[in-house]
*Asks:* 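The structure under discussion is supplied below as structure tokens; questions concerning it will follow.
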Amino acid sequence: MKIKVAVLFGGESVEHEVSIISAKQAMEALDTEKYEIIPIYISKSRDLYCGEELRDLTQYKDMDALLAKVPQVVLVKKNQTVTIEPVKKGLFTKAINTIDVVVPVVHGTNGEDGTLQGYLEMLKIPYAGCDVVAAAVGQDKVVMKHMFETAKLPITPWFWFYGHEFEDKKDEYLNKAKELGYPLVLKPACLGSSVGIVIAHNEEEFIEGVEEAGTFDFKIVVEKMVDNLREINCSVLGSCFSAKASVLEEVGKNDEILSYKDKYQGGGSKGAKSQGSKGMASTTRIVPAPVSEEQTKKIQELALEAFHLLGSSGVCRIDFMMNGKTDEIMINEINTIPGSLAFYLWSPVDVDFTALMDELIRIALERHRKKEKMTFSYDTNLLQNYSESGSKGVKGNKS
């Protein structure tokens with residue numbers, strides 16, 4: 001009997017379309033001899049839809065027409081089974097299908113940040129990738145960087161603040177910026193795909209950058225720009241029990257940092273090898289990255305350490321910054337659901353996309369089995385002997 005795999009994608013984040021492309025690639029990689037593939041699309045208004053038409057990218061050119069063809073659905077837990085139920089029901093309407101395991105391929109806000117993972121935990125269904133805590137930390141660059149700092153992992157000098165406090169504390173933050181030294185990179189704390197990122201070369205640009213980044217998030221991260229920047233990435237596959245690192249990639253860019261345009265709109269550098277349709281859109285990459293064996297080993301070790309520190313699971317991509325002159329290496333961030341699931345970093349080590357999807361599902365099912373053996377509640381009912389007269393001492397009597 002085939003395992004029923006629901007692939008969740010879309011969502012309301014700025015990475016909505018990127019998620020659709022990643023999910024399309026993931027579904028094509030799944031072995032149809034082993035799995036029944038169930039596409040579940042999350043619209044920008046957070047509604048769920050299910051249907052085979054969702055696997056055809058050309059259908060998304062007319063979103064209204066597409067959503068008119070497929071039923072809006074909800075996931076319902078019935079005893080130990082999660083079913084897909086249509087929202088509009090008739091007298092003889094049946095469940096559309098059941099789900100054995102979920103593979104979330106949702107990037108960014110309310111998908112990659114622990115929100116969707118919490119929903120799946122409530123349904124008590126196995127799912128691939130990071131759990132609630134790891135996903136949330138991986139999305140919030142402020143919390144993530146604090147953890148990296150505490151673990152003494154190398155990161156670029158930085159600080160952060162709430163955007164709404166900037167006007168009242170402008171001098172304080174401008175002084176901090178001056179102390180770090182321009183140029184500086186300003187980022188929304190919880191966004192991805194380089195959206196909302198601004199490079200400030202002076203005080204005027206810093207103020208403009210605060211306004212730009214602040215339109216996407218309450219928290220703003222400020223980082224010292226790395227000189228002679230090279231962007232090197234490494235993927236990690238596994239869980240807290242066992243994990244391995246991939247080969248490295250160097251990502252091409254036209255601007256001072258890798259922009260949204262570079263990633264998805266054909267802005268890559270001419271000197272790098274293009275992945276084209278094999279990778280995420282038109283990002284240009286050199287795989288393996290042209291770095292020394294010693295540097296490769298160091299980056300892989302740091303990637304594994306960051307993965308383990310956050311309690312990550314599934315396949316992640318850890319992004320690094322390297323000073324092209326000094327070879328100094330710093331961790332930039334972790335992507336808990338990377339574009340294209342970073343499959344192109346595993347192909348060179350004989351893990352093709354199909355094998356990668358097999359491993360993600362295996363890890364998800366294994367984690368679920370381990371959690372099923374853990375104790376989360378006691379088989380007791382404190383309300384059996386409840387009385388209004390005794391309600392003042394809920395936590396027990398004082399001795």
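Quick caveat: nothing in here was measured; it's all calculated off a predicted structure. Numbers here simply count residues along the sequence, with the first being 1.
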*Asks:* Measure from the side-chain N and O atoms of Thr150 to the backbone N and O of His146, and report whether any donor-acceptor pair falls under 3.5 Å.
*Replies:* yes
*Asks:* If every non-hydrogen atom of Ala23 is compared with every non-hydrogen atom of Val105, which pair is closest and at what distance?
*Replies:* N-CG1, 3.7 Å
*Asks:* Of all heavy-atom pairs between Leu116 and Pro104, which one has the smallest distance, and what is that distance?
*Replies:* CD2-CB, 3.9 Å
*Asks:* Looking at Lys244, I want to see if its NZ is surrounded by more than 12 non-hydrogen atoms of other residues, nucleotides or ligands under 6.0 Å.
*Replies:* no
*Asks:* Given 3.5 Å as the limit, does a donor-acceptor pair link the side chain of Glu112 with the main chain of Thr336, or not?
*Replies:*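 Yes, Glu112 side chain to Thr336 backbone: donor-acceptor pair under 3.5 Å.
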*Asks:* Give a yes or no on whether the ring-centroid distance for Tyr119 and Tyr127 is below 6.0 angstrom.
*Replies:*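 They do not qualify: ring centres at least 6.0 Å apart.
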*Asks:* Quick one: do Met330 and Val291 end up in the same hydrophobic cluster if we chain Ile, Leu, Val, Met, Phe, Trp and Tyr together by side-chain heavy atoms under 4.5 Å apart?
*Replies:* no
*Asks:* Parallel, tilted or perpendicular: which describes the rings of Phe159 and Tyr173, with under 30° parallel and over 60° perpendicular?
*Replies:*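 Plane angle under 30°, so parallel.
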*Asks:* Do Glu328 side-chain atoms and Asn323 backbone N/O form a donor-acceptor pair below 3.5 Å?
*Replies:*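 No: the side chain of Glu328 does not pair with the backbone of Asn323.
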*Asks:* Between the side chains of Glu223 and Thr156, does any donor sit under 3.5 Å from an acceptor?
*Replies:* no
*Asks:* Looking just at side-chain N and O atoms, do Asn110 and Glu12 make a donor-acceptor pair shorter than 3.5 Å?
*Replies:*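 Present: a donor and an acceptor within the cut-off.
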*Asks:* So which heavy atom on Ala243 is nearest to which on Val236, and how close?
*Replies:* CB-CG1, 3.9 Å
*Asks:* Grab the two heavy atoms, one from Leu248 and one from Cys234, that are nearest each other, plus how far apart they are.
*Replies:*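 That would be CD2-CB, 3.5 Å.
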*Asks:* Are the side chain of Ser239 and the backbone of Phe241 linked by a donor-acceptor contact shorter than 3.5 Å?
*Replies:*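 Judged by distance alone, yes, a pair lies under 3.5 Å.
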*Asks:* For Gln295 and Ser292, does a side-chain donor sit closer than 3.5 Å to a side-chain acceptor?
*Replies:* yes
*Asks:* Between Lys370 and Glu372 (side chain of the first, backbone of the second, donor and acceptor by atom type, cut-off under 3.5 Å), is there such a pair?
*Replies:*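 It does not hold such a pair.
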*Asks:* Shared ILVMFWY cluster between Leu8 and Tyr35, side chains joined below 4.5 angstrom?
*Replies:*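 No, Leu8 and Tyr35 fall in different hydrophobic clusters.
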*Asks:* Taking side chain as C-beta onward, heavy atoms only, is Val7 less than 4.5 Å from Ile40?
*Replies:* no
*Asks:* If we count only N and O atoms by modelled type, under 3.5 Å, do the side chains of Gln80 and Lys124 hold a donor and an acceptor together?
*Replies:*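 Short answer, no.
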*Asks:* Does NZ in Lys2 sit with more than 12 non-hydrogen atoms of other residues, nucleotides or ligands closer than 6.0 Å?
*Replies:* yes
*Asks:* Tell me which one of Lys187, Lys145, Lys219 satisfies salt bridge (charged side-chain N to carboxylate O under 4.0 Å, His left out) with Asp140.
*Replies:*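 Answer after filtering Lys187, Lys145, Lys219: Lys219.
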*Asks:* Going through the checks in order, is the salt bridge (Lys or Arg N to Asp or Glu O under 4.0 Å) test met by Lys371 and Glu121?
*Replies:* CA-CA 11 Å; Lys371 289 184 70 173; Glu121 290 281 358; 2.7 Å; yes
*Asks:* Answer yes if Leu304 and Phe148 sit in the same cluster of Ile, Leu, Val, Met, Phe, Trp and Tyr residues linked by side chain heavy atoms under 4.5 Å apart, and no otherwise.
*Replies:* yes
*Asks:* What closest approach, in Å, do Ala26 and Leu341 show between heavy atoms, and which atom pair accounts for it?
*Replies:* CB-CD1, 4.0 Å
*Asks:* Please say yes or no: joined through hydrophobic side-chain contacts below 4.5 Å, possibly via intermediate residues, are Ile220 and Val198 part of one cluster?
*Replies:* no
*Asks:* Looking only at the side chains, is there a donor atom on one of Asn97 and Glu36 sitting less than 3.5 Å from an acceptor on the other?
*Replies:* yes
*Asks:* Val5 versus Ile38: any side-chain heavy-atom pair under 4.5 Å?
*Replies:*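 Sidechains of Ile38 and Val5: no contact.
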*Asks:* Measure the acute angle between the ring planes of Tyr162 and His164, then classify it against the limits of 30° and 60° as parallel, tilted or perpendicular.
*Replies:* tilted
*Asks:* Within the side chain of Ser13, is there an N or O that forms a donor-acceptor pair under 3.5 Å with the backbone of His107?
*Replies:*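 At least one qualifying donor-acceptor pair exists.
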*Asks:* Thinking salt bridges, do Lys169 and Asp171 make one under a 4.0 Å N-O criterion?
*Replies:*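 Result for this pair is no, no salt bridge flagged.
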*Asks:* Do Thr83 and Glu85 have side-chain atoms, one donor and one acceptor, less than 3.5 Å apart?
*Replies:* yes
*Asks:* Please find out if less than 6.0 Å separates the ring center of Tyr41 from that of His16.
*Replies:* yes
*Asks:* Do the side chain of Ser235 and the main chain of Cys316 share a donor and acceptor less than 3.5 angstrom apart?
*Replies:* yes
*Asks:* Under 4.5 Å between any side-chain heavy atoms of Arg55 and Glu52, yes or no?
*Replies:* yes
*Asks:* Can you name the residues that form a side chain to side chain contact (heavy atoms under 4.5 Å, CB included) with Lys24, not counting sequence neighbours?
*Replies:*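 By the side chain to side chain contact (heavy atoms under 4.5 Å, CB included) rule, Lys24 matches Glu28, Leu57.
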*Asks:* State, with a plain yes or no, whether a side-chain heavy atom of Phe9 is found less than 4.5 Å away from one of Ile42.
*Replies:*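 With C-beta onward as the side chain, the pair stays apart.
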*Asks:* Do Asp113 and Thr115 have side-chain N/O donor and acceptor atoms under 3.5 Å apart?
*Replies:*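 The criterion, which ignores hydrogens and geometry beyond distance, is satisfied for Thr115 and Asp113.
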*Asks:* Can Asp358 and Lys34 be said to form a salt bridge (Lys or Arg N to Asp or Glu O under 4.0 Å), step by step?
*Replies:* CA-CA 9 Å; Asp358 282 343; Lys34 297 179 181 178; 3.0 Å; yes
*Asks:* Do you know which two heavy atoms are closest between Pro126 and Ala364, and how far apart they sit?
*Replies:* CB-O, 4.1 Å
*Asks:* Does Glu211 have more than 12 heavy atoms from other residues, nucleotides or ligands lying within 6.0 Å of its CD?
*Replies:*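 Not more than 12 within 6.0 Å, no.
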*Asks:* Taking the six-membered ring of Phe206 as reference, does the NZ or CZ atom of Lys170 fall below 6.0 Å from its centre and within a 45° cone about the axis?
*Replies:* no
*Asks:* When you look at CZ of Arg46, are more than 12 heavy atoms from neighbouring residues, nucleotides or ligands closer to it than 6.0 Å?
*Replies:* no
*Asks:* Taking Ala289's backbone N and O only, do any of them form a donor-acceptor pair with Glu249's side chain (distance below 3.5 Å, no angle check)?
*Replies:* no
*Asks:* Let me know which of Phe343, Tyr344, Trp346 forms a ring pair (Phe, Tyr, Trp, His ring centres under 6.0 Å) with Phe353.
*Replies:*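 That would be Phe343; it is the only one of Phe343, Tyr344, Trp346 passing the ring pair (Phe, Tyr, Trp, His ring centres under 6.0 Å) with Phe353.
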*Asks:* What's the verdict on salt bridge (Lys or Arg N to Asp or Glu O under 4.0 Å) for Glu366 and Arg369, showing C-alpha distance, side-chain angles and the deciding distance?
*Replies:* CA-CA 5 Å; Glu366 180 184 68; Arg369 283 193 291 268; 5.7 Å; no
*Asks:* Under a 3.5 Å distance rule, please check whether Asn228 uses its side chain to pair with a backbone N or O of Gly324 as donor and acceptor.
*Replies:* no
*Asks:* Has the side chain of Ser313 got a donor or acceptor atom that lies under 3.5 Å from a matching backbone atom of Cys130?
*Replies:*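 Flag not set: sc Ser313 to bb Cys130 has no pair under 3.5 Å.
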*Asks:* When hydrophobic residues are tied together by side-chain contacts of less than 4.5 Å, even through go-betweens, does Ile232 share a cluster with Met321?
*Replies:*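 No, separate clusters.
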*Asks:* Could you go step by step and tell me if Glu359 and Arg362 meet the salt bridge (Lys or Arg N to Asp or Glu O under 4.0 Å) rule?
*Replies:* CA-CA 5 Å; Glu359 186 66 4; Arg362 185 196 67 78; 2.7 Å; yes
